[in-house]
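Beneath this line is the structure, given in structure tokens, with notes to follow.
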Amino acid sequence: MNVLIVFAHPELCSFNGALKVRAVEVLKRAGHEVVVSDLYRLGWKATVDAEDFPGVWTDPDFLDVAVEQERVTAARETPPDILAEQEKVARCDLLILHFPLWWSGMPAILKGWIDRTMARGFAYGEGRAYGTGPLKGRRALVCTTTGTPTGLYDPDSTDDDLDRVLWPVHHGVLRCLGFDVLPPFVARAPGEASAKQREEYLTEYAERLLAVTR
């Protein structure tokens, strides 16, 4: 199985980083091909702008992002950094998004990876979404860590439903593109956890990955 891990944490030694390392080790040991896109180390440009659209725009006086994404895809003028990520996505059977949950969402650099990589013409298009999305047949998994006090996501708290928090990623992005979305793996406030609890998280994550890649 070909696995693409998109890692979006500025600190390699974070617990999110430890989960990513464990994932790579376990998956490779099981015989899978693993590719990691480490966005911070890549120096990924998060913003969609005019540089993403070389050549003559469809309307020279107005940047219509969706139209220009389709144009550069069809004309094979996609910038090299975007094209490299699109090729990784096209090869993968399983996409894993690894990120810390910041303000109930993903870091800006990961949102920018989605904005630029999952371009119209490549990952979706007119009449090509959800059940007919171009990436149909692939699976996707979110692995996230929370840095807030554990009470924020406890059953009695305001933001108790992490499925609701992750809905924009699961439904608005991954399902829209055709992915079969797996239940997320969430390590809650590992900064507050004991060494034993952190090791239990790592073991649980390894077991989850082996189960979904059998």
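Excluded from the calculations below are hydrogen atoms, water molecules and symmetry mates; all remaining heavy atoms, backbone and side chain alike, are included.
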With clusters defined by side-chain heavy atoms of hydrophobic residues (ILVMFWY) lying less than 4.5 Å apart, directly or transitively, does F7 cluster with Y40?
no
Any F179 side-chain heavy atom under 4.5 Å of K136 side chain:
no
Atom pair CZ (R198) and CZ (F15), whose distance is rounded to the nearest 0.5 Å:
7.0 Å
Decide salt bridge (Lys or Arg N to Asp or Glu O under 4.0 Å) for E33 and K28; before the verdict, give the C-alpha distance in whole Å, the side-chain angles of both, and the deciding distance to 0.1 Å.
CA-CA 6 Å; E33 180 183 335; K28 285 188 173 181; over 6 Å; no
Kindly say whether F99 contributes a backbone atom to a donor-acceptor pair with the side chain of T144 at under 3.5 angstrom?
yes
Under a single-linkage definition using a 4.5 Å side-chain heavy-atom cutoff for Ile, Leu, Val, Met, Phe, Trp and Tyr, are V34 and Y205 assigned to the same hydrophobic cluster?
yes
Tell me if the NZ atom of K88 is crowded by more than 12 foreign heavy atoms within 6.0 Å.
yes
Between CG of D93 and OG1 of T213, what distance do you get to the nearest 0.5 Å?
10.5 Å
Considering only heavy atoms from C-beta outward, does the side chain of E51 approach that of K45 to under 4.5 Å?
yes
Let me see the working for L42 and E85 under side chain to side chain contact (heavy atoms under 4.5 Å, CB included), right down to the final yes or no.
CA-CA 11 Å; L42 282 173; E85 297 304 300; 4.0 Å; yes
Would a single hydrophobic cluster contain both V35 and L97, if residues Ile, Leu, Val, Met, Phe, Trp and Tyr are joined by side-chain heavy-atom contacts under 4.5 Å?
yes
Do the rings of W102 and H9 sit parallel, tilted or perpendicular, given the 30° and 60° boundaries?
perpendicular
Does R116 come within less than 4.0 Å of D52, counting only side-chain N to carboxylate O?
yes
Using atom types as modelled and distance alone, determine if a side-chain donor or acceptor of T146 lies under 3.5 Å from a backbone N or O of A189.
yes
Could you grab the distance from atom CZ of R120 to atom OG1 of T73, nearest 0.5 Å is fine?
10.5 Å
Are L177 and L4 linked, directly or through intermediate hydrophobic residues, by side-chain heavy-atom contacts shorter than 4.5 Å (ILVMFWY only)?
yes
Output all residues satisfying ring-ring contact (aromatic ring centres under 6.0 Å, His included) with Y130, sequence neighbours left out; order by chain, then residue number.
H171
For side chain to side chain contact (heavy atoms under 4.5 Å, CB included), just list the numbers for I5 and V24, CA-CA rounded to whole Å, side-chain angles, deciding distance to a tenth of an Å, and then say yes or no.
CA-CA 9 Å; I5 297 175; V24 172; 3.9 Å; yes
For T132, check side-chain hydrogen bond (donor to acceptor under 3.5 Å, both in side chains) against everything at least two apart and list the hits.
none
Would you sort out whether L110 and L39 count as a side chain to side chain contact (heavy atoms under 4.5 Å, CB included), showing the intermediate values?
CA-CA 7 Å; L110 179 55; L39 299 184; 4.0 Å; yes
Could you give me the CA-CA distance, side-chain angles and deciding distance for L162 and L101, then say whether side chain to side chain contact (heavy atoms under 4.5 Å, CB included) is met?
CA-CA 10 Å; L162 276 170; L101 199 61; 3.8 Å; yes
What's the separation between atom CD in E204 and atom CG in L19, rounded to the nearest 0.5 Å?
10.0 Å
Heavy atoms only: give me the nearest L135-A123 pair and the separation to one decimal.
CD1-CB, 4.2 Å
Is a side-chain donor or acceptor of W57 paired with a backbone partner of F53 at a separation under 3.5 angstrom?
yes
Correct closest heavy-atom pair for L210 and A30 would be CD2-CB, 3.9 Å
Between NE2 on residue H170 and CG on residue L182, distance to nearest 0.5 Å
8.5 Å
Does atom CD of E11 have more than 12 heavy-atom neighbours, drawn from other residues, nucleotides or ligands, at distances under 6.0 Å?
yes
For the OH atom of Y201 and the CZ atom of R208, what is their distance to the nearest 0.5 Å?
12.0 Å
Is there a path of hydrophobic side-chain contacts, each under 4.5 Å between heavy atoms of I/L/V/M/F/W/Y residues, joining M106 to L95?
yes
Here the pair of heavy atoms bringing A23 nearest to L209 is CB-CD1, 3.4 Å
Please check if the side chain of R138 supplies one atom and the backbone of D180 the other of a donor-acceptor pair under 3.5 Å.
no
Decide whether a cation-pi geometry holds between R175 and W167; the criteria are a distance under 6.0 Å from NZ or CZ to the six-membered ring centre and an angle within 45° of the ring axis.
no
Could you check E199 against R22 for salt bridge (Lys or Arg N to Asp or Glu O under 4.0 Å), going step by step and ending with a plain yes or no?
CA-CA 11 Å; E199 187 56 42; R22 183 64 60 93; 3.3 Å; yes
Testing the basics here: between A8 and P100, what is the closest heavy-atom pair and its distance to 0.1 Å?
O-CD, 3.1 Å
